[in-house]
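Just so you know, these numbers use all the heavy atoms, side chains as well, and skip hydrogens, waters and symmetry mates. From a predicted model like this one, the values you see are computed outputs, not experimental measurements.
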Amino acid sequence: MKATGIVRRIDDLGRVVIPKEIRRTMRIREGEALEIFTSDNGEVVFKKYSPVGETAEAAARLCESIWRTTSVPVVVCDRDRIIAAAGTGRRELLERSVSPELDRAMSDRKAYRMGGTTRISVSGERPGYYVLAAMPIISDGDVTGCVAFVGDENARLQGETEIKLAGAAAAFLGRQTEV
């Protein structure tokens with residue numbers, strides 16, 4: 001574990017403030033869920049909780065089925081990383097961080113479709129892969145991730161089928177993650 005040199009005291013209600021620098025670095029947003037557990041050596045660990053991450057196995061099977069049906073590469077992301085992928089680029093994209101542009105598109109809470117000269121990179125770590133269409137995953141009223149069809153800079157969607165499939169997959173995963 002990385003030492004930060006920042007010390008915080010617990011208040012009389014048992015609360016501790018996570019410093020702004022750490023929240024910004026770890027992309028922890030207001031209202032976001034954190035998992036708290038202890039390690040074997042007595043450390044108290046705060047870990048970002050990803051409800052979509054809990055469905056990684058189902059998401060991977062869903063991606064594989066959609067890719068086999070459409071032949072268009074597809075990914076499932078939580079708010080921070082790509083948790084499942086199928087098709088071209090699968091190995092390059094899996095477990096990569098989500099680009100800030102895709103994070104903003106998820107926050108808009110509506111379908112995204114690539115158009116004109118506007119391109120959203122899937123991951124800042126792996127340039128060359130762009131979002132063709134994306135639908136946010138909404139669980140318990142919160143955006144928890146997205147389902148996205150991806151391609152290179154020359155790829156285009158043929159019609160509305162992918163948007164509808166992404167919407168159906170996002171709705172399914174949203175229901176799987178509701179408490």
Identify every side-chain donor-acceptor pair in residues 6-15 under 3.5 Å, counting partners at least two apart or on other chains, and give the distances.
{"residue": "D11", "atom": "OD1", "partner": "L13", "partner atom": "N", "Å": "2.9"}
{"residue": "D11", "atom": "OD1", "partner": "G14", "partner atom": "N", "Å": "3.1"}
{"residue": "D11", "atom": "OD1", "partner": "R15", "partner atom": "N", "Å": "2.9"}
{"residue": "D11", "atom": "OD2", "partner": "R15", "partner atom": "NE", "Å": "2.8"}
{"residue": "D11", "atom": "OD2", "partner": "R15", "partner atom": "NH2", "Å": "3.0"}

Query raised in the report: Quick check: does any side chain N or O of R109 sit under 3.5 Å from a backbone N or O of P136, one acting as donor and the other as acceptor?
Result: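 Not a single qualifying donor-acceptor pair exists.
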Query raised in the report: Judged by atom type as modelled, is there a donor-acceptor pair below 3.5 Å linking the side chain of D78 to the main-chain atoms of D80?
Result: yes
Would you say [X] and [Y] make side-chain contact, with heavy atoms under 4.5 Å?
X    : Y    : answer
S107 : R79  : yes
T38  : V45  : no
F172 : L62  : yes
F37  : V44  : no
L102 : Y112 : no

Query raised in the report: In this structure, are over 12 heavy atoms from other groups packed under 6.0 Å from D40 atom CG?
Result: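 No.
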Requested in this report: Please check if any side-chain donor atom of T144 sits under 3.5 Å from a side-chain acceptor atom of D142, or the reverse.
Outcome: no
Query raised in the report: Would you say the side chains of R81 and S123 form a donor-acceptor pair under 3.5 Å?
Result: no
Shortest non-hydrogen contact from [X] toward [Y]:
X    : Y    : result
A85  : L94  : N-CD1, 3.8 Å
F46  : V16  : CZ-CG1, 4.0 Å
V122 : I82  : CG1-CD1, 3.5 Å
A134 : V131 : CB-CG1, 3.7 Å
G174 : S139 : O-OG, 3.5 Å
A84  : A56  : CB-O, 4.3 Å

Rounded to the nearest 0.5 Å, what's the gap from [atom1] on [X] to [atom2] on [Y]? Could you check?
X    : Y    : atom1 : atom2 : answer
I83  : C63  : CD1   : SG    : 8.0 Å
S121 : E101 : OG    : CD    : 6.5 Å
Y130 : M114 : OH    : CE    : 9.5 Å
D103 : C77  : CG    : SG    : 10.0 Å
E21  : R24  : CD    : CZ    : 6.5 Å
L165 : F149 : CG    : CZ    : 5.0 Å

Report task. Under the salt bridge (Lys or Arg N to Asp or Glu O under 4.0 Å) rule, collect the residues that match up with R23, sequence neighbours excluded. Result -> none
Query raised in the report: If two hydrophobic side chains count as joined below 4.5 Å and joins carry through other members, does I66 share a cluster with M135?
Result: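 As far as the 4.5 Å side-chain criterion goes, M135 and I66 are not connected within one cluster.
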Query raised in the report: If you group Ile, Leu, Val, Met, Phe, Trp and Tyr by side-chain heavy-atom gaps below 4.5 Å, do V143 and V76 land in one group?
Result: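 Same hydrophobic cluster.
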Query raised in the report: Which salt bridge (charged side-chain N to carboxylate O under 4.0 Å, His left out) pairs, counting each pair once, include a residue from residues 121-130, with sequence neighbours left out?
Result: R96-E125
Query raised in the report: Picking from V74, V72, L132, V147, what satisfies side chain to side chain contact (heavy atoms under 4.5 Å, CB included) with E162?
Result: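 When V74, V72, L132, V147 are each tested with E162, the side chain to side chain contact (heavy atoms under 4.5 Å, CB included) holds only for V72.
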